[in-house]
A.B. asks: 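Once you've had a glance at the structure underneath, I'll fire off some questions.
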Amino acid sequence: MEYNTIIFQVEEAVATLTFNRPIALNAISTELLNEFSNVLDEISTNEAIRVLILTGSGEKAFVAGADITELAKLNALQAKIFSAQGHRTINKLQHLPIPVIAAVNGYALGGGTEIALASDFVYASENAVFGLPEITLGIIPGFGGTQRLTRLIGLNRAKEMIFTGKMIKADEAQTIGMVNKVCAPDKLMEEVVKTAKIISGKGAVSLRAAKQVINNGANVDLTTGCQMETDAFALCMASEDAYEGTHAFLEKRVPEFKGSLLNE
Ligand code: COA
């Protein structure tokens, strides 16, 4: 499918979704939000895609937040609809069955940080900047930032960022756990693709199971989370990939995961 505000490419098992509104530092317009949602639907039904990479076009921005020219015109009801659509889309991203890596290549503000927070992990270029500056516009984050940032970096750090609207650089974001790795700008995609390829070579069933158990387990008590793990572990064992992985080890060879979700 063709999109106006997103570039979507699939190479082998790795898909790359590039937010592409250079006119506004890739800010999230209604059109971009709808297209993002549609691409996520496309990905979730395509078994050939094993890993998704998110990035922004150009050298300056990942996503500079919601489009403020659109935002400024919203009444309260329209704002509620916009935020709800944002939540639906970001939840869809978080619950995408495959791993998602955010390659943050510049400003990731407001919705940009919220997209990074809903990704499975983040690699950032040295010039990346994170922040939830909505307070400066007289509003608050509307795509899950007050909830996901708090859960990731803790109440007090999140409150300071949200109350001040301050922007932080990649190294500080790494120190507080928002970023796994900081790369030179010209090495960012290389590093992300390298990790994506390692992941995409693993078994599809076990990757999906690991993501689901980690995500769902984060919202429940430890006993319930461990029970979820036991059930998912058993499910993995019934897959072709588990047979291949364990037998390859015993036969001293590299496993060849077919990635089929069906146990033929
Ligand atoms: N919505 C709409 N347009 C945006 C935008 C946004 N979120 N962020 C940037 N733009 C536009 C600017 O208006 C500018 O357009 P123009 O060239 O027609 O004037 C263009 O993108 C380039 O941005 P500019 O502000 O000139 O770049 P800069 O390097 O001086 O500053 C930022 C970069 C990211 C610090 C600054 O653009 C900014 O603060 N953006 C808003 C971030 C924000 O508050 N996001 C949360 C929204 S809820």
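Both counts, for ligands and for their atoms, begin at 1 and track the order of listing.
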A.B. asks: Where does the angle between the aromatic ring planes of Y123 and F121 fall among parallel (under 30°), tilted (30 to 60°) and perpendicular (over 60°)?
C.D. replies: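 Ring orientation of Y123 relative to F121: tilted.
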
A.B. asks: Taking K166 first and then E160, would you say they form a salt bridge - that is, a charged N and a carboxylate O separated by under 4.0 Å?
C.D. replies: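 Yes, this pair counts.
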
A.B. asks: When you measure from atom 38 (C) of ligand 1 to every protein heavy atom, which one gives the shortest distance, and what is it?
C.D. replies: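 Residue, atom and distance for the closest contact: L109 CD1, 4.6 Å.
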
A.B. asks: Any N or O on P133 sitting closer than 3.5 Å to an N or O of ligand 1?
C.D. replies: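 No.
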
A.B. asks: Could you tell me whether D120 and K211 have a side-chain N and a carboxylate O separated by less than 4.0 Å?
C.D. replies: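 Between K211 and D120 there is a salt bridge, with a charged N closer than 4.0 Å to a carboxylate O.
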
A.B. asks: Any atoms of ligand 1 less than 4.0 Å from a non-hydrogen atom of K60? List them with their elements.
C.D. replies: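 Going through ligand 1 atom by atom, the ones under 4.0 Å from K60 are 27 (O), 28 (P), 29 (O).
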
A.B. asks: Does atom 12 (C) of ligand 1 have a protein non-hydrogen atom under 4.0 Å from it?
C.D. replies: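 Flag for atom 12 (C) of ligand 1 set to false, no protein heavy atom closer than 4.0 Å.
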
A.B. asks: Could you check whether any side-chain N or O of E35 sits under 3.5 Å from a backbone N or O of T5, counting only pairs where one atom can act as donor and the other as acceptor?
C.D. replies: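 Checking the backbone N and O of T5 against the side chain of E35, a donor-acceptor pair under 3.5 Å is found.
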
A.B. asks: Within the 3.5 Å criterion, strictly below it, is a donor on E70 or T30 matched to an acceptor on the partner's side chain?
C.D. replies: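 Result is yes, a qualifying pair exists.
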
A.B. asks: I'd like to know if atom 21 (O) of ligand 1 has any protein heavy atom within a distance of less than 4.0 Å.
C.D. replies: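 Under the 4.0 Å cut-off, atom 21 (O) of ligand 1 does have protein heavy-atom neighbours.
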
A.B. asks: Can you tell whether the side chains of E172 and K169 come within less than 4.0 Å, N to carboxylate O?
C.D. replies: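 A salt bridge is absent here (no side-chain N lies under 4.0 Å from a carboxylate O).
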
A.B. asks: Is there a protein heavy atom at a distance of less than 4.0 Å from atom 29 (O) of ligand 1?
C.D. replies: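 Yes, at least one protein heavy atom sits under 4.0 Å from atom 29 (O) of ligand 1.
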
A.B. asks: For atom 31 (O) of ligand 1, what's the nearest protein heavy atom and its distance?
C.D. replies: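 For atom 31 (O) of ligand 1, the nearest protein heavy atom is Y107 OH, 4.5 Å.
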
A.B. asks: Side-chain contact, heavy-atom cut-off 4.5 Å: T89 with N34?
C.D. replies: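 The answer is no, as the side chains (C-beta and beyond) never meet within the 4.5 Å cut-off.
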
A.B. asks: For atom 2 (C) of ligand 1, grab the closest protein heavy atom and report residue, atom and distance to one decimal in Å.
C.D. replies: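 Of the protein heavy atoms, I68 N, 3.4 Å lies nearest.
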
A.B. asks: Can a salt bridge be assigned to the pair R253 and E244 using a cut-off of 4.0 Å between side-chain N and carboxylate O?
C.D. replies: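 Looking at R253 and E244, the cut-off is met.
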
A.B. asks: To the nearest 0.1 Å, how far is atom 39 (O) of ligand 1 from its closest protein heavy atom, and which atom is that?
C.D. replies: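 That would be M167 CE, 4.3 Å.
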
A.B. asks: Please work out whether any backbone atom (N, CA, C, O) or any side-chain heavy atom from C-beta onward of A24 is under 4.0 Å from ligand 1, and answer side chain, backbone, both or neither.
C.D. replies: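 Contact part for A24 vs ligand 1: both backbone and side chain.
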
A.B. asks: Is E70 in contact with ligand 1, taking contact as a heavy-atom separation below 4.0 Å?
C.D. replies: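 E70: no contact with ligand 1 (<4.0 Å).
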
A.B. asks: So is I23 touching ligand 1 or not, going by heavy atoms under 4.0 Å?
C.D. replies: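 Yes, I23 has a heavy atom closer than 4.0 Å to ligand 1.
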
A.B. asks: Is the shortest distance from atom 6 (C) of ligand 1 to a protein heavy atom below 4.0 Å?
C.D. replies: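 Protein heavy atoms within 4.0 Å of atom 6 (C) of ligand 1 - there is at least one.
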
A.B. asks: Find all atoms of ligand 1 within a distance of less than 4.0 Å from any non-hydrogen atom belonging to A27, and give their numbers and elements.
C.D. replies: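 Going through ligand 1 atom by atom, the ones under 4.0 Å from A27 are 1 (N), 6 (C), 7 (N).
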
A.B. asks: Considering only non-hydrogen protein atoms, determine which one is nearest to atom 23 (O) of ligand 1 and report residue, atom name and distance to 0.1 Å.
C.D. replies: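 Closest protein heavy atom to atom 23 (O) of ligand 1: L25 CD1, 3.6 Å.
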
A.B. asks: As a test of the contact definition, would atom 16 (P) of ligand 1 count as having a protein heavy-atom neighbour under 4.0 Å?
C.D. replies: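 It does not; no protein heavy atom is within 4.0 Å.
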
A.B. asks: Answer with yes or no after comparing the ring centroid distance for F36 and F19 against a 6.0 Å cut-off, counting only values under it.
C.D. replies: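 Yes: the rings meet the under 6.0 Å criterion.
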
A.B. asks: In terms of ring plane angle, is the pair F143 and F82 parallel, tilted or perpendicular, where the classes change at 30° and 60°?
C.D. replies: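 Rings of F143 and F82: tilted, as their planes differ by 30° to 60°.
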
A.B. asks: Is the closest basic N to carboxylate O distance between E114 and R148 below 4.0 Å?
C.D. replies: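 Looking at R148 together with E114, the answer is no, because their closest N to O distance does not fall below 4.0 Å.
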
A.B. asks: Considering G142, G131, A64, G112, which one's heavy-atom position lies nearest to atom 45 (N) of ligand 1?
C.D. replies: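 When every heavy atom of G142, G131, A64, G112 is considered, A64 comes closest to atom 45 (N) of ligand 1.
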
